[in-house]
Amino acid sequence: MKKYSKGNLKKKIFLKFLIILVSLIVIASVSLLVYILVNKNIVYEKINDEAKFVSDDEATASMPIVIDNVLVGGVYDKKWVSTEKFYLKSNNKSDVEIDIYNKSGKKGEFVINSISQGSGTTVYSATTNSNFVDEYFAIPKNANKNAMLIPATQKKNVTEEEVDLVKKALGIYRLFNTTVKVTEVYNVTLSQGNNGKLIFATNQVGKSMGVYSCVVYVDSRNKPTLIKYNYARDTENAADWPIYSFKFIGDLNLDGTSEIIMQEIKEFEVKYDIIEYKDNKFKEVLSTVIK
């Protein structure tokens, strides 16, 4: 009769566990390889499309949000209204008092004379702002609130810690391209006492497979969060691959928390994104494309 051994039983259990673990790793690796070969473009982003579905009454009463003379949507009682919904329904397309902000803060009070559709789906505004050089965003006039109490400041020097934070935020996406080149770092304030950094990064040219662009937010505890990521495997045919860049940070709906305004530059178009931070998550709430 074979003598029972508790040690042998533990070894058998461990061996089975090891076999299962190795099998899962092999399956995951093969699946990832197939995914990479099948998909030429991989995108990570979170989008809240509630702005498209506000009521007609809310859209009718909504006020415009403008970036560099381009309408990116509207706002009503802190709710977002999509560009299309605003343009079709809003009664506030002319003689609208606005506050204009540039990168250093509030520039002044101006008026939107008219809002009209240009070529394609882009909607433009004509304002009394005569300076066409400075980039700006405009929101409905509010004498009691400032949308940019603390402007973003760009860091001049990139640290190894910031590179490591991008690597940490990318997680599994690093398998597609392992290199990191930080292009921009900004000190930003999302709300009172909520300070952090925005890091824009891409890959190092000529190293690893494909190209990517990403945006990472790092909070005051040095915890990184991936906001956007876009990877293209075929670098010779990557017209739809965007490079992300920073524009502004400001409280566009005056709810106490600032939004991130960024740009996606592709070969044949430019896209403005409004990123909201809510419930500890970053989501795109408004956007518009210029072709």
Side-chain angles (χ1 to χ4, degrees), residues 41-54 58-59 62-76 78-90 93 98 101 112 115-125 135-140 147-148 152 184 186 188 190 198 200 212-217 225-232 238-255 257-279 281-291:
N41 185 240
I42 297 168
V43 180
Y44 170 85
E45 59 186 2
K46 293 182 178 180
I47 296 177
N48 182 343
D49 62 356
E50 291 177 3
K52 297 178 182 179
F53 305 105
V54 296
E58 290 170 327
S62 65
M63 302 291 282
I65 296 175
V66 173
I67 302 174
D68 296 340
N69 291 350
V70 177
L71 180 76
V72 293
V75 62
Y76 171 76
K78 300 182 176 59
K79 289 185 179 180
W80 307 109
V81 180
S82 69
T83 302
E84 181 181 11
K85 196 90 175 183
F86 176 91
Y87 187 69
L88 292 176
K89 298 291 184 179
S90 179
K93 299 188 185 75
I98 54 172
Y101 296 80
I112 291 179
I115 291 177
S116 58
Q117 188 167 351
S119 59
T121 58
T122 308
V123 179
Y124 294 96
S125 69
E135 295 181 304
Y136 75 90
F137 72 83
I139 61 172
M148 193 192 293
E184 297 176 300
Y186 292 87
V188 296
L190 293 179
L198 269 181
F200 292 77
Y212 76 85
S213 184
C214 73
V215 186
V216 174
Y217 176 75
T225 300
L226 186 63
I227 297 177
K228 276 183 179 278
Y229 172 87
N230 195 304
Y231 168 83
D240 289 332
W241 173 73
I243 296 176
Y244 300 132
S245 62
F246 177 78
K247 297 292 287 183
F248 304 98
I249 187 159
D251 187 2
L252 304 185
N253 63 349
L254 300 177
D255 68 344
T257 302
S258 291
E259 283 71 50
I260 299 165
I261 304 172
M262 55 174 282
Q263 199 174 58
E264 300 184 28
I265 303 174
K266 298 182 180 179
E267 187 172 348
F268 301 111
E269 68 180 43
V270 175
K271 178 172 175 266
Y272 290 114
D273 300 331
I274 309 298
I275 309 296
E276 181 183 53
Y277 181 69
K278 191 175 182 179
D279 300 326
K281 295 177 182 178
F282 290 95
K283 292 184 179 181
E284 180 183 304
V285 289
L286 293 176
S287 67
T288 194
V289 174
I290 308 168
K291 295 186 177 181

Inset, instruction - Using atom types as modelled and distance alone, determine if a side-chain donor or acceptor of K93 lies under 3.5 Å from a backbone N or O of S116. - result: no
Inset, instruction - Report, as yes or no, whether the 6.0 Å neighbourhood of atom OH on Y76 holds more than 12 heavy atoms from other residues, nucleotides or ligands. - result: no
Legend entry - All salt bridge (charged side-chain N to carboxylate O under 4.0 Å, His left out) counterparts of D68, not counting sequence neighbours: K247
Legend entry - Side-chain (Y231) to main-chain (W241) donor-acceptor, under 3.5 angstrom: no
Legend entry - For A51, all residues meeting side-chain contact (heavy atoms from CB on, under 4.5 Å), sequence neighbours excluded: W80, S82, L286
Legend entry - Test side chain to side chain donor-acceptor pair (under 3.5 Å) applied to Y229 - qualifying residues, sequence neighbours left out: none
Inset, instruction - With sequence neighbours left out, write down each residue that passes side-chain contact (heavy atoms from CB on, under 4.5 Å) with T288, or none if nothing qualifies. - result: V70, V72, T83, Y272
Legend entry - Heavy atoms of other groups near I265 CD1, more than 12 under 6.0 Å: yes
Legend entry - Residues in side chain to side chain donor-acceptor pair (under 3.5 Å) contact with S213, at least two apart in sequence or another chain: none
Legend entry - Side chains of Y136 and N69 in contact at under 4.5 Å (non-hydrogen atoms): yes
Inset, instruction - Check whether any side-chain heavy atom of N253 lies under 4.5 Å from a side-chain heavy atom of I65, and answer yes or no. - result: no
Legend entry - Partner set under side chain to side chain donor-acceptor pair (under 3.5 Å) for K283, not counting sequence neighbours: none
Inset, instruction - Could you note down all residue pairs passing side-chain hydrogen bond (donor to acceptor under 3.5 Å, both in side chains) where residues 43-52 supplies at least one of them, sequence neighbours left out? - result: E45-K228
Inset, instruction - Answer whether the closest heavy-atom distance between the side chains of I243 and S245 falls below 4.5 Å. - result: no
Inset, instruction - Please name all residues satisfying salt bridge (charged side-chain N to carboxylate O under 4.0 Å, His left out) with E269, sequence neighbours left out, ordered by chain then number. - result: K266
Inset, instruction - Please round to the nearest 0.5 Å and tell me the distance separating atom CD1 of I290 and atom NZ of K271. - result: 12.0 Å
Legend entry - For N230, side chain to side chain donor-acceptor pair (under 3.5 Å) partners two or more places apart: N41
Legend entry - side-chain contact (heavy atoms from CB on, under 4.5 Å) between T121 and Y87, intermediate numbers included: CA-CA 11 Å; T121 58; Y87 187 69; over 6 Å; no
Inset, instruction - Output yes when a side-chain donor or acceptor of E264 lies under 3.5 Å from a complementary backbone atom of P242, and no otherwise. - result: no
Inset, instruction - Determine whether more than 12 heavy atoms belonging to other residues, nucleotides or ligands lie under 6.0 Å from atom NZ of K79. - result: no
Inset, instruction - With sequence neighbours excluded, tell me which residues meet ring pair (Phe, Tyr, Trp, His ring centres under 6.0 Å) with Y277. - result: F282
Legend entry - For F246, ring pair (Phe, Tyr, Trp, His ring centres under 6.0 Å) partners two or more places apart: Y186
Inset, instruction - Please round to the nearest 0.5 Å and tell me the distance separating atom CG of D251 and atom OG1 of T257. - result: 6.5 Å
Legend entry - By salt bridge (charged side-chain N to carboxylate O under 4.0 Å, His left out) - contacts of K89 (at least two apart): D56
